[in-house]
2 protein chains.
Amino acid sequence: MNPNLAEENYSAGKYRTPDGAPADIVIFTITSTERGTVKKSLPHRELQVLLIQRKGWPFAGQWALPGGFCKETETVYDCAKRELREETGVGEVHIEYFNVYSTPGRDPRGWIISHAFFALVHEQYLAGRQAADDAADVKLFSVEEALGMELAFDHKQILQDALDQVRRQMLTTIIAKEFLPEEFTISELYQVIRTLVPEFEEKNFIRKITSTQSRKGIIEEARDSRGERKVSNRYSQRAAQLYRFTGDVPQLSLYS
Amino acid sequence: MNPNLAEENYSAGKYRTPDGAPADIVIFTITSTERGTVKKSLPHRELQVLLIQRKGWPFAGQWALPGGFCKETETVYDCAKRELREETGVGEVHIEYFNVYSTPGRDPRGWIISHAFFALVHEQYLAGRQAADDAADVKLFSVEEALGMELAFDHKQILQDALDQVRRQMLTTIIAKEFLPEEFTISELYQVIRTLVPEFEEKNFIRKITSTQSRKGIIEEARDSRGERKVSNRYSQRAAQLYRFTGDVPQLSLYS
DNA sequence: TGAATAGTGTCTGTAAGACATTATAGC
DNA sequence: GCTATAATGTCTTACAGACACTATTCA
């Protein structure tokens with residue numbers, strides 16, 4: 001369409017306009033549960049997603065992604081952040097736009113174009129929220145379980161797409177840090193990566209990340225105020241070196 | 001916002017709805033111009049973008065990205081493909097969604113949320129179109145030039161974002177093939193990459209791409225029906241081996 | 001024969017990948 | 001001393017990076 005025509009069309013009010021532009025948010029967290037052994041050991045980690053049970057029409061009773069309609073005074077990104085804060089009580093978390101959903105008929109309420117975000121949240125933020133808010137209509141599900149359910153609207157597709165996106169980014173960006181404390185051990189990092197990408201298996205993971213030129217700039221040893229290397233024995237008898245992300249990310253390339 | 005409230009809000013018609021959801025398309029092409037030497041030589045390549053001169057309000061006379069309003073019977077993706085076909089006459093090209101633009105006030109016509117796509121088109125497709133359509137209101141600009149102009153709406157930002165995106169993808173995906181013939185020489189591939197990412201400089205490019213285990217699966221030698229290796233002397237006295245993309249793309253990873 | 005591109009030889013240092021081995025400390 | 005995790009040693013093969021060199025064809 002020629003923009004000039006578009007304007008005439010718009011000015012004349014000939015065409016239907018959308019009935020709403022919501023933001024829907026796929027809120028992921030990784031829960032850690034201690035394995036019930038006596039001795040210290042690495043926890044079991046699971047990727048979970050926050051869903052909300054709908055009360056009214058449409059899809060009453062079914063579980064859906066949190067979200068809500070944008071106002072004309074905000075960007076869809078602002079809207080998503082607002083919804084996230086209202087839903088989880090947290091403000092400063094990783095939130096990222098990833099796709100738009102506009103298939104005609106996807107929402108029985110009308111012509112509604114949804115903007116999908118994913119957010120990565122530490123489990124402790126959600127744990128607090130869930131305890132405070134005793135409503136049974138907000139709940140964490142394992143992603144596997146959620147994908148097996150009938151979700152409202154096209155939310156199963158949105159969830160699947162978000163998962164694919166986060167999986168891809170787990171290996172090509174440093175989003176792993178969103179699921180980790182500021183300082184973490186190599187094992188924790190490895191566990192987080194494998195929680196998202198089970199097929200990622202690196203026998204010599206510790207070596208690659210700590211002693212190959214091209215990669216060792218990604219993380220650095222954590223040191224205390226006296227410059228001593230910091231260690232942790234959270235998960236092991238033998239204390240493990242703590243690391244932190246430097247913020248540097250090497251440019252990946254197919255061709256070099 | 002609780003989806004339930006959202007519904008009530010919607011049902012009650014209390015809130016304003018968007019005035020339109022257009023798709024805007026950043027159509028890139030790479031032009032080749034022969035360097036005016038007598039002998040065969042590699043062409044000069046330049047990244048260009050297709051712009052349209054607006055006729056009416058708003059931004060009359062200014063250059064803008066092609067695009068148009070979505071209908072309620074199509075997805076924004078369908079809309080973008082339709083616009084692209086109307087603008088360039090070509091159907092089967094790489095088109096990809098990359099961001100949404102919703103800053104309040106970005107369009108003086110009202111609350112208009114724009115969905116931005118980029119398309120990668122062979123120059124010959126656009127050349128034909130431009131010859132047929134002698135209108136002076138559709139024109140290819142070098143990206144550099146376009147970014148120096150005052151574009152309508154927030155289209156300069158959209159163009160910049162599209163460029164960043166394509167640059168990133170040039171090194172991490174095989175979109176280079178969208179700018180190349182089915183069968184191409186290593187030099188052509190290298191030129192296309194460098195047209196988008198001038199700082200990409202690999203002295204031993206031919207070796208890396210053809211003889212390192214981890215990368216040589218990306219392209220393969222082109223062979224004719226008798227199994228003979230195909231060569232080209234388009235750009236050189238000495239004939240060069242032709243290659244084709246296999247479709248295989250190794251999974252890039254920060255951690256391995 | 002010189003210009004322009006295509007492609008190979010060779011060398012050095014470093015990384016990858018596989019496995020075995022040692023280290024630590026709580027039980 | 002057994003166990004779970006952390007970390008290092010060692011060896012082979014492969015790749016990266018540099019640079020000189022050869023190959024092809026035509027004007």
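Labels below follow one simple rule: chain letters A, B, ... track the order of the sequence lines, proteins then strands, and each chain is numbered from 1.
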Novice: Among C/dT5, D/dA7, C/dA16, which nucleotide sits nearest the side chain of B/Ser236?
Specialist: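 Of the options given, the side chain of B/Ser236 lies nearest C/dT5.
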
Novice: Can you check the B/Gln191 CD to C/dA4 P distance for me, whole Å?
Specialist: 14 Å

Novice: Could you tell me whether B/Arg215 contacts a base, only the sugar-phosphate backbone, or nothing, with contacts defined as non-hydrogen atoms closer than 4.0 Å?
Specialist: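 Since only primed, P, OP1 and OP2 atoms lie under 4.0 Å of B/Arg215, the category is sugar-phosphate.
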
Novice: Would you kindly give the OH-to-P distance between A/Tyr255 and D/dA16, to the nearest whole Å?
Specialist: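 Rounded to the whole Å, the gap is 16 Å.
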
Novice: Taking the minimum atom-to-atom distance to the side chain of B/Gln237, which one of D/dA16, D/dG17, C/dA3 wins?
Specialist: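 Looking only at heavy atoms from C-beta outward on B/Gln237, the closest nucleotide is C/dA3.
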
Novice: Once you measure the plane-to-plane angle for A/His115 and B/His115, does it fall in the parallel (<30°), tilted (30-60°) or perpendicular (>60°) bin?
Specialist: parallel

Novice: How close or far is atom P of C/dA15 from atom CZ of A/Phe205, stated in whole angstroms?
Specialist: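 Rounding to the nearest Å, CZ of A/Phe205 and P of C/dA15 are 17 Å apart.
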
Novice: What is the separation between atom CD1 on A/Ile206 and atom P on C/dA16, rounded to the nearest whole Å?
Specialist: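 After rounding, the reported distance stands at 15 Å.
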
Novice: Quick one: pull up CD in A/Glu183 and CD in A/Glu220 and give me the separation to the nearest 0.5 Å.
Specialist: 9.5 Å

Novice: To the nearest Å, how far apart are B/Leu242 CG and C/dG7 P?
Specialist: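 Spelled out: CG on B/Leu242 to P on C/dG7 is 9 Å.
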
Novice: Among D/dC19, D/dA6, C/dT5, find the nucleotide with the atom closest to the side chain of B/Ser187.
Specialist: C/dT5

Novice: Tell me if the side-chain of B/Arg207 makes a donor-acceptor pair with the base of C/dG9, cut-off 3.5 Å, by modelled atom types.
Specialist: yes

Novice: Indicate, with a heavy-atom threshold strictly under 4.0 Å, whether B/Ile186 touches base, sugar-phosphate, or nothing.
Specialist: nothing

Novice: Give a yes/no on whether any side-chain N or O of B/Lys203 is located under 4.0 angstrom from OP1 or OP2 of D/dA16.
Specialist: no

Novice: Ignoring hydrogens and angles, answer whether the base of C/dA16 and the side-chain atoms of A/Asn204 contain a donor-acceptor pair closer than 3.5 Å.
Specialist: no

Novice: Taking A/Thr246 for its side chain and A/Ile218 for its backbone only, find out whether a donor-acceptor pair lies under 3.5 Å.
Specialist: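 Checked: pair present.
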
Novice: With a 3.5 Å cut-off and heavy atoms only, can you find an N or O donor on one side and an acceptor on the other between the side chain of B/Arg238 and the base of D/dA23?
Specialist: yes

Novice: Please give, in whole Å, the distance from C/dG26 C1' to A/Arg234 CZ?
Specialist: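 A/Arg234 atom CZ is separated from C/dG26 atom C1' by 18 Å.
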
Novice: DNA chain C: A/Glu202 or B/Thr185, which has the more 5' nearest nucleotide?
Specialist: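 Looking at the nearest nucleotide for each, B/Thr185 comes out on the 5' side.
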
Novice: Can you name the side-chain hydrogen bond (donor to acceptor under 3.5 Å, both in side chains) partners of B/Glu201, sequence neighbours left out?
Specialist: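 By the side-chain hydrogen bond (donor to acceptor under 3.5 Å, both in side chains) rule, B/Glu201 matches no residue at all.
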
Novice: Round to a whole Å and report the spacing from CD of B/Gln241 to P of C/dT5.
Specialist: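 One finds 19 Å between P of C/dT5 and CD of B/Gln241, rounded.
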
Novice: Without decimals, in angstroms, what is the distance between B/Tyr243 OH and C/dA6 P?
Specialist: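 Distance check: B/Tyr243 OH to C/dA6 P gives 11 Å.
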
Novice: Going by the side-chain contact (heavy atoms from CB on, under 4.5 Å) test, name the single residue among B/Leu84, B/Val93, B/Val49 that passes it with B/Ile27.
Specialist: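 Exactly one option meets the side-chain contact (heavy atoms from CB on, under 4.5 Å) with B/Ile27, and it is B/Leu84.
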
